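Heads up: the structure comes next, in structure tokens.
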Amino acid sequence: MKIGIDKIGFATGRYVLEMTDLAKARQTDPDKFTKGLMLDRISIAPITEDIVTLAASASETILTDEDKEKIDMVILATESSIDQSKAASIYVHQLLGIQPFARSVEMKEACYSATAALDYARAHISLHPQARVLVLASDIAKYGIDSAGEPTQGAGSIAMLITADPAIAIINDDNVAQTRDVMDFWRPNYTSTPYVNGIFSTKQYLDSLKTTWAEYQKRYNASISDFAAFCFHIPFPKLAFKGLNKIIDKNTAIEHKDKLTQAFNDSIAYSRQVGNIYTGSLYMSLLSLLENSQALTAGDKIGMFSYGSGAVSEIFSLQLVEGYKDRLDTNRQAYLDFRQVISVTEYENIFYQEAELDREGNATFETYLTGDYALRTIQEHQRIYEKNDK
Ligand code: CAA
């Protein structure tokens, strides 16, 4: 049975911070961010936008009433949870009006878990071919003011509808995963920003890629020339670019190398303008590739490298389906251009604002720009979401 991505949607914060403005404020050469990290701007989410509102907005763009009647599982992958107990997918399930006899869970392993969610969805559909699974990857990447990771922050969500006979891409049964216990990036329950061994984390990312790729090649007798494109988890595009150069080897024909490099540039177009969205980052790179590449055709194989600090990595592949372009947004750039540019001072106030709860656990918020949904209030420690009026 062919199982895979039938629809893919995206949402990001409605504010944007220019890297040149951040560089100026931090007394850094702007080239360090725009060339050294390959980032032009990053999305900023206000307090009224969180993993639930982003995921609901990303889903809203792709789901029909029929999908909502047929979805029987909602999996939300995240590392910026809003609750230690209740799954964020339950709020999304309710906001979207998905039929009640569905399973809703949240999954965690840093930036990796959406990949595990896809595999779970695939296993579920292979047993229940009529099922439709909504896989959400939703995160707000927040490192702290003036930290090394600050320019690599971001906010966004990818929503994927997984079905049998998908309209965009088949998920091939060729996953190779690797787990290694390393402290490259982690966030204990008592902090809102992570501890990061930055340079060590980049080494872990690249070494996980190298060793997982070697195992993948061995198990599947695979070569880089089998792939029309390779998508990477993108904490910042420069690291993924180093990743691409790790898997292009001396036997790769020059024309194929050029093809992979062009595909890579298409795959980082959104990342350069959004920043890191952790779990959704790899899938935003896929979306960017599919929506910007003029070279891909049905039947092409796309390699996927997923990495979550801690660390778990995985390589698997997708096969493009005839007519896949009909399912994509032809003007995503307009949505990105529609964000409101904010100053560094506004960003510092908006991005780091914390809820001020009264004694009973109530908080109200100013009105900020969000997608289709917003966190309206907190009442007795309960988050109250609403759909925005159009
Ligand atoms: N002009 C052009 N380039 C410049 C420059 C200038 N004026 N100044 C510096 N650069 C280049 C550097 O040469 C370097 O490029 P190379 O690596 O190719 O040499 C690049 O800019 C970055 O500069 P630094 O090496 O000085 O590093 P930094 O201070 O910018 O920090 C970082 C980099 C440690 C990765 C930091 O961004 C960070 O902590 N990020 C968060 C952690 C992270 O993203 N880790 C990635 C792996 S973990 C993961 O993948 C999970 C996840 O999503 C978090």
Side-chain angles (χ1 to χ4, degrees), residues 17 19-20 22-43 51 77-80 108-116 137-158 178-188 191-212 231-246 264 267-268 270-272 274-285 304-315:
L17 176 67
M19 282 300 97
T20 45
L22 183 66
K24 201 169 162 201
R26 302 293 176 250
Q27 294 170 338
T28 301
D29 180 353
D31 282 356
K32 176 168 179 188
F33 297 162
T34 55
K35 295 190 176 131
L37 301 175
M38 297 168 78
L39 283 166
D40 299 324
R41 51 192 72 89
I42 55 173
S43 282
I51 55 165
T78 189
E79 58 174 308
S80 32
K108 180 181 71 186
E109 171 17 50
C111 304
Y112 160 77
S113 61
T115 301
S138 198
D139 270 304
I140 296 180
K142 205 178 272 184
Y143 288 92
I145 294 174
D146 215 5
S147 63
E150 186 183 30
T152 73
Q153 298 175 126
S157 181
I158 289 281
Q178 177 179 174
T179 296
R180 50 171 71 177
D181 184 1
V182 288
M183 297 307 277
D184 59 334
F185 170 112
W186 68 106
R187 183 163 70 83
T191 77
S192 57
T193 51
Y195 289 89
V196 190
N197 283 325
I199 299 298
F200 178 64
S201 73
T202 62
K203 293 200 166 109
Q204 288 302 322
Y205 173 104
L206 292 172
D207 191 65
S208 293
L209 170 62
K210 193 175 101 181
T211 48
T212 309
C231 291
F232 298 85
H233 166 56
I234 309 183
F236 51 94
K238 180 70 164 294
L239 186 60
F241 184 61
K242 288 183 184 179
L244 177 71
N245 288 314
K246 276 246 176 294
F264 176 79
S267 79
I268 62 168
Y270 297 161
S271 227
R272 285 191 80 110
V274 171
N276 194 356
I277 59 166
Y278 288 160
T279 49
S281 201
L282 168 63
Y283 300 96
M284 181 169 70
S285 112
M304 302 286 284
F305 171 63
S306 184
Y307 178 82
S309 289
V312 179
S313 52
E314 189 157 324
I315 291 177

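Values reported hereafter were calculated over all heavy atoms of this structure, with side chains retained and with hydrogens, waters and symmetry mates removed. Keep in mind it's a predicted model, so treat the numbers as computed, not measured. Remember, it's 1-based here, ligands and their atoms both numbered in the order they're listed.
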At a 4.0 Å threshold, what atoms of ligand 1 neighbour a non-hydrogen atom of [X]?
X	value
Y307	48 (S), 49 (C), 50 (O)
F236	35 (C), 44 (O)
T202	35 (C), 47 (C)
G198	34 (C), 39 (O)
L239	46 (C), 47 (C)

Below 3.5 Å, N or O to N or O, backbone or side chain included: is there any such pair between [X] and ligand 1?
X	value
K32	yes
K35	no
S309	no
H233	yes
D184	no
N276	yes

Exercise for review: Report yes if the distance between the aromatic ring centroids of Y307 and F185 is under 6.0 Å, otherwise no.
Suggested key: no
Write out the residue and atom name of the closest protein heavy atom to [atom], then the distance separating them to 0.1 Å.
atom	result
atom 38 (C) of ligand 1	G149 CA, 3.8 Å
atom 2 (C) of ligand 1	D31 O, 3.5 Å
atom 36 (C) of ligand 1	A148 O, 3.5 Å
atom 7 (N) of ligand 1	D29 OD2, 2.9 Å

Counting C-beta onward and ignoring hydrogens, is there a side-chain heavy-atom pair between [X] and [Y] closer than 4.5 Å?
X	Y	value
I145	E150	yes
I234	M284	no
L209	I315	yes
L37	M19	no

Check your understanding: Is it true that K242 lies under 4.0 Å from ligand 1, counting heavy atoms only?
Key -> yes
Exercise for review: Report yes or no: does a heavy atom of Y143 sit under 4.0 Å from some atom of ligand 1?
Suggested key: yes
Review point. For ligand 1, which part of C111 has a heavy atom less than 4.0 Å away: the side chain, the backbone, both, or neither?
Key: side chain
Check your understanding: Are the side chain of K238 and the backbone of G36 linked by a donor-acceptor contact shorter than 3.5 Å?
Key -> yes
Review point. Hey, is D207 close enough to K203 for a salt bridge, meaning N to O under 4.0 Å?
Key: no
Check your understanding: Quick one: does atom 13 (O) of ligand 1 have a protein heavy atom under 4.0 Å from it?
Key -> no
